[in-house]
Amino acid sequence: MMYQAFLLTIPLLMVFQTSCINTSPLDSVKTIEQARAPKVSLSRLGELRNRAKFIGRSCKEVKDRYGQAEDGLYYLTTSTGVVYQTFCDMTTAGGGWTLVASVHEDNIYGKCTVGDRWTSQQGNNANWPQGEGNWANRKTFGTVEAATDDDFKNPGYYDIDAEDMSVWHVPNKTPFYHWNLAAIMRYHTERRFLHLYGGNLYYLFHRYPVEYNVGAHLSDNGPSIPIVYDLGDKESTKMFYSPNTRGETEGGFISFRAINHERAATAICSGVKPKGGNVEHYCIGGGGFFPEGNPLQCGDFTGFAWNGYGTHIGFSVSKQMLESAVLLFYR
C-alpha cells in the first residue's frame, strides 16, 4: 500500500474510530506495517543526522534550547553522559514530551513468561513478589522504533527530572511516524505531580513498590492524578475496558500501584481511578504473583482476557485495548 494512499484514509478513519469502540481506526489498512515510510531526500537525512548534535537531558530541553518543533526521533544525554535515542512529542500541549517506556503485551496467553518484562518472566511465584522489578530499577531494554512491537525502557525513565506525564495507547506494530494519528487514546497531566514523588516513575515506584502482599486494595493504593484528554474522554476510556469493571472505575485519571482483592499489585491504571479491587482487569504491569486463577492474571496486561481474547464481555477488555501498546512520556 502506498504511503500517500494511507494518509488519505486517515480523516475517515479518525471519524470511524470515535463512532465505533470495537473497530480499530486502522482496520481498512491490511496491516499497519505495510504502510511505507515517507520518502526522504538527502538534505532531509542530513537534518535528521544533525539532531545528534543537540545536547539535552529531555525533549523539553532540546525544544527550549534549539527551537525544535517537529515530532520525531532525537538523541538525549543522561547526567552521566549516556547518549540514547528516543521519540519526542514536540506538539502536544506545548510539546517537549520525552518517550521513556512502552508496555506491550506480545502474548496474553504467556502468563509471566519471556517477554513479560513489566511483571515477571519467571512464572507466577509468591516467592518472587516483585517479579522483574523493572518499574523501580535502572535496567533498559528495547529500541524506540520498536516501541509498539515490544517492551521499551530507556535511561530517561530514571534520569529525567520531570513534572508531568503523557500516555498514548497505540496499536501494535505501528511505525513511529504514525503513532499520533493511529492512537486510540492520548492524554497528559498538568498537576506537576511528579515533583511530589522524586521527579519520575523510578522514584515514585520506590515509594510505592509494585509487589505482591505489599498492602490491601484501595487503602494502600498509590496516587490517582487527573488527566487532560488529547484524544478521547472519560466515557470512551471506560468503554475500552471490560463491561464488568465500569462500575468500579472513574474515568479521567492515571493511577499508580493499584492493589487487587488478593493483594497482588499492578503498576498503572491508564485513564481511570480504581474504586474497587478488580484492578487486574484494567491496570497494567505488576509484581511477580497474582493468586487468583494462578497463573491466569499474571502478565503485562494482567487479566485483560479473563473471558476470552478481545471479546469485550465479562471481564475482558476490547480488542483495541488489548492490541495496543501503552507509551509513557515525561515532561
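Applying the ring-ring contact (aromatic ring centres under 6.0 Å, His included) rule to Tyr330 yields no partners; only residues at least two apart in sequence or on another chain are considered. Applying the ring-ring contact (aromatic ring centres under 6.0 Å, His included) rule to Tyr187 yields no partners; only residues at least two apart in sequence or on another chain are considered. A search for ring-ring contact (aromatic ring centres under 6.0 Å, His included) contacts involving Phe253 returns nothing, not counting sequence neighbours.
No side-chain donor-acceptor contact under 3.5 Å links His195 to the backbone of Glu163. Asp89 places no side-chain N or O within donor-acceptor distance of the main-chain N or O of Trp97, the cut-off being under 3.5 Å. In this structure, the side chain of His261 does not engage the main chain of Ala216 through any donor-acceptor pair within 3.5 Å.
We find that Lys273 and Glu250 are joined by a salt bridge, their nearest charged nitrogen and carboxylate oxygen being less than 4.0 Å apart.
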Quiz item: Step by step, would you call Ser79 with Arg57 a side chain to side chain contact (heavy atoms under 4.5 Å, CB included)?
Solution: CA-CA 7 Å; Ser79 58; Arg57 286 178 65 187; 3.8 Å; yes
Practice problem: With ring pair (Phe, Tyr, Trp, His ring centres under 6.0 Å) as the test, would you mind laying out the steps for Phe205 and Trp135 before giving the verdict? | Solution: CA-CA 6 Å; Phe205 285 120; Trp135 294 103; 5.3 Å; yes
Quiz item: Stepwise, does the ring pair (Phe, Tyr, Trp, His ring centres under 6.0 Å) test hold for Phe256 with Phe193?
Solution: CA-CA 12 Å; Phe256 303 93; Phe193 78 99; 5.7 Å; yes
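Transitive grouping of hydrophobic side chains (ILVMFWY, heavy atoms separated by less than 4.5 Å) brings Phe152 and Leu327 into a common cluster. No continuous path of hydrophobic side-chain contacts links Met321 to Leu296 [ILVMFWY only; heavy atoms under 4.5 Å]. Both Val210 and Val279 are members of a single hydrophobic cluster when ILVMFWY side chains are connected at heavy-atom separations under 4.5 Å.
We find the CZ-OG1 distance between Phe176 and Thr86 to be 11.0 Å, quoted to the nearest 0.5 Å.
Closest non-hydrogen pair, Thr266 versus Cys269, comes out as OG1-SG, 4.4 Å. Gln68 approaches Tyr74 most closely through the heavy-atom pair OE1-OH, 3.6 Å. Heavy atoms only, all atoms of each residue included: Cys112 and Thr119 are closest at SG-OG1, 3.9 Å. Across every non-hydrogen atom of Asn154 and Thr140, the tightest pair is C-CG2, 3.7 Å. A pairwise comparison of heavy atoms in Ile184 and Ser324 identifies CD1-OG, 3.7 Å as the closest pair. In plain terms, the two heavy atoms of Glu70 and Met90 that are nearest each other are O-CG, 3.3 Å.
Phe329 and Phe87 have perpendicular rings, their planes meeting at more than 60° on a 0 to 90° scale where under 30° would count as parallel. Between Trp118 and Phe141, the two ring planes are perpendicular [angle over 60°; tilted spans 30° to 60°]. Ring geometry, His206 versus Tyr203: the interplanar angle falls from 30° to 60°, so the pair is classed tilted.
Considering only heavy atoms from C-beta on, Thr302 stays 4.5 Å or farther from His281 through its side chain. Pro274 is not listed as a side-chain neighbour of Glu248, based on a closest heavy-atom distance of 4.5 Å or more. For the pair His169 and Phe240, the minimum side-chain heavy-atom distance is 4.5 Å or more. Put simply, the side chain of Glu145 reaches to within 4.5 Å of the side chain of Leu73, judged on heavy atoms. The shortest distance between side-chain heavy atoms of Leu194 and Met165 falls below 4.5 Å. Between Ile268 and Val326 the shortest side-chain heavy-atom distance does not fall below 4.5 Å.
The environment of Lys60 atom NZ is sparse: at most 12 non-hydrogen atoms of other residues, nucleotides or ligands sit within 6.0 angstrom. No more than 12 heavy atoms of other residues, nucleotides or ligands sit less than 6.0 Å from atom CZ of Arg192.
Geometric assessment of Arg207 against the ring of Tyr197 yields a negative cation-pi assignment under the 6.0 Å and 45° thresholds.
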